[in-house]
Amino acid sequence: MKVAVMGYGTVGSGVVEVIESHSDVIPKRIGGNTLEVARILDLRDFPDDSHADLFTKDFNDILNDEEIKIVAETMGGVNPAFDFTMKLLKAGKSVVSSNKELVAQKGLELLRTAEENGVNYLFEASVGGGIPIIRPLTQCLAANNIEGIAGILNGTTNFILTMMIEKGMSFNEALRIAQEKGYAEKDPTADVEGHDACRKVCILASLAFGKHVYPSQVETEGITNITLEDVSYIASADGVIKLLGQIKYLSDDRIAAFVSPAVVYNGSQLASVKDVFNAILVRGDAVGDVCFYGPGAGKLPTASAVVADVMDCAKHTQRRKFFGWGAGAEDYVVDYKTNVKMPFYVRAKADCSEVTSKFSEVKFLSRKGQPSDEVAFITDVMTQKELEAKLGDMNVINTIKVTDY
Ligand code: HSE
């Protein structure tokens, strides 16, 4: 069966490599069919690549090739990936994608178009890289009401925070190493400002709760305000800082979804997730907490998930997989700041008496070299709006949510 790959970057070249290096086992797992990479679309030149005869810069070479039935879209970005994917689905080709930005923004339209044309649109690699999560969430956990999801969904930021926590490295030095290792997005803003994690939250929330959640509905804060001082205070509370995507089912068919740095205590399964690894903890009413852990970025891990989707399409040419969700709504995702209660870490230029006059229950933290006019503490459980009201005019340096996962 002929397959095309659109985008020959880190993931796309990994897809070609995995298809070729596993050509002995793949046919045994998809009913005897072989997968053959017939075309690779990329605007760049790869003069030294052994697939020179497969490259094209013209999308129509893939669209108009009747023998190509499955296309792996590993381009990233919404355009032109959306336009290409729509055309391919309408032409009766199944498409698999690692493109979380596209799925988060346009998943509903793409899934509907796939359904209308009797083909598949699969995107296991769009969340958690090589970690199986889309199928477990939608199939293995299908009997549960999902109560919440918390995930370390971005490898680059997890790597940076791990370097800060374990090696005392500065944010910028850790980011540079993450870029050298190929974890970061082309523009690292998407990683460090939380946009990449936000897109993955949208996909998980849409799958878990059945309505499209758009990035604009998910309040997102990155890790650029986290300092080694915060890391040190939180270590004294036996915790670590992680960039978490959190989704909570509230009631009356409403959810809260947000991305932010969060204090995770060391007893949590999420606390030991280090370096570029990701983990997604799903809380179901029947199963309890289940945690999916593994490599969340990188060439071969992400390609592993893309190629599995290609194989699924090859096995089910006459059948659609039931991944999908319905239309979203504006008031479906509520403001977490007034609807979700949690403790908070606060660091401020203040003294203890100012803190205790405002908060009835706090746990004070300490660090080496703590200035005499600085305090850090963990509050009781409250909403962010309540926290802001209590802090009033206190000279706050940073606040971080504390998670209950
Ligand atoms: N830049 C992303 C990350 C790649 O660091 O997790 C995988 O989505």
Side-chain angles (χ1 to χ4, degrees), residues 1-42 46 49-56 59 61-75 84-85 88-89 91-99 103 110-111 114-115 117-140 292 294-295 297-324:
M1 191 171 285
K2 290 194 174 175
V3 174
V5 176
M6 302 196 301
Y8 199 62
T10 305
V11 179
S13 58
V15 168
V16 175
E17 186 177 328
V18 170
I19 289 178
E20 291 179 349
S21 61
H22 292 67
S23 59
D24 52 341
V25 293
I26 288 174
K28 294 180 195 154
R29 296 171 188 169
I30 56 171
N33 273 322
T34 51
L35 295 182
E36 177 199 341
V37 179
R39 280 285 183 189
I40 302 171
L41 177 73
D42 204 298
F46 298 90
D49 194 281
S50 60
H51 305 91
D53 51 329
L54 303 184
F55 284 104
T56 177
F59 166 68
D61 287 341
I62 294 174
L63 183 65
N64 297 330
D65 187 331
E66 303 241 316
E67 287 183 39
I68 294 175
K69 297 283 182 220
I70 306 165
V71 180
E73 183 269 300
T74 52
M75 303 165 66
F84 288 177
T85 304
L88 291 165
L89 296 171
K93 300 181 197 297
S94 286
V95 179
V96 310
S97 180
S98 59
N99 186 343
V103 181
L110 292 166
L111 285 159
E115 188 176 357
N117 290 278
V119 291
N120 284 303
Y121 182 62
L122 305 180
F123 41 87
E124 183 65 63
S126 66
V127 181
I131 306 172
I133 179 62
I134 305 286
R135 282 170 184 74
L137 184 61
T138 51
Q139 296 178 352
C140 313
F292 301 88
K299 179 174 174 166
L300 296 182
T302 311
S304 147
V306 175
V307 176
D309 276 350
V310 171
M311 291 167 68
D312 216 353
C313 291
K315 221 166 43 179
H316 297 116
T317 46
Q318 306 304 322
R319 199 150 63 87
R320 284 204 64 249
K321 303 285 289 185
F322 292 101
F323 292 130

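- Residues V307 and I26 meet the side-chain proximity criterion, which asks for heavy atoms closer than 4.5 Å.
- Taking the side chain as every heavy atom from C-beta outward, S97 and Y121 approach each other to under 4.5 Å.
- Formation of a donor-acceptor pair under 3.5 Å by the E124 side chain with backbone atoms of I133 is found in this model.
- H51 contributes atom NE2, which lies 13.5 Å from atom CZ of R39 (distance to the nearest 0.5 angstrom).
- Rounded to the nearest 0.5 angstrom, K93 NZ and L63 CG are separated by 6.5 Å.
- S94 has its side chain out of reach of L122: every pair of non-hydrogen atoms, C-beta onward, lies at least 4.5 Å apart.
- Distance check: M1 CE to T34 OG1 gives 8.5 Å after rounding to the nearest 0.5 Å.
- Taking every heavy atom of both residues into account, G12 and T74 meet most closely at CA-OG1, 3.2 Å.
- Between L137 and F292 there is no side-chain heavy-atom pair separated by less than 4.5 Å.
- Counting only distance, with no hydrogens or angles, the side chain of S13 and the backbone of T10 share a donor-acceptor pair below 3.5 Å.
- Between A305 and G130, the shortest heavy-atom distance links the atoms CB-CA, 4.5 Å.
- Residues F84 and V95 fail the side-chain proximity criterion, which asks for heavy atoms closer than 4.5 Å.
- For the pair S304 (side chain) and L300 (backbone), a donor-acceptor distance under 3.5 Å is absent.
- Atom CG of N120 sits about 10.0 Å away from atom CG of L111, to the nearest 0.5 Å.
- When side chains are defined from C-beta on, I30 counts as touching L35, because their heavy atoms get closer than 4.5 Å.
- The shortest side-chain heavy-atom distance between F123 and L110 does not fall under the 4.5 Å cut-off.
- With rounding to the nearest 0.5 angstrom, the OG1 atom of T317 is 7.5 Å from the CG atom of N33.
- Formation of a donor-acceptor pair under 3.5 Å by the D42 side chain with backbone atoms of Y8 is found in this model.
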For this session: Evaluate side-chain contact (heavy atoms from CB on, under 4.5 Å) for V18 paired with K299, printing each intermediate quantity in order.
Result: CA-CA 10 Å; V18 170; K299 179 174 174 166; over 6 Å; no
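- The CG atom of N99 sits 4.0 Å away from the CD atom of E73 when rounded to the nearest 0.5 Å.
- With a 4.5 Å cut-off on side-chain heavy atoms, F46 and L54 do not count as touching.
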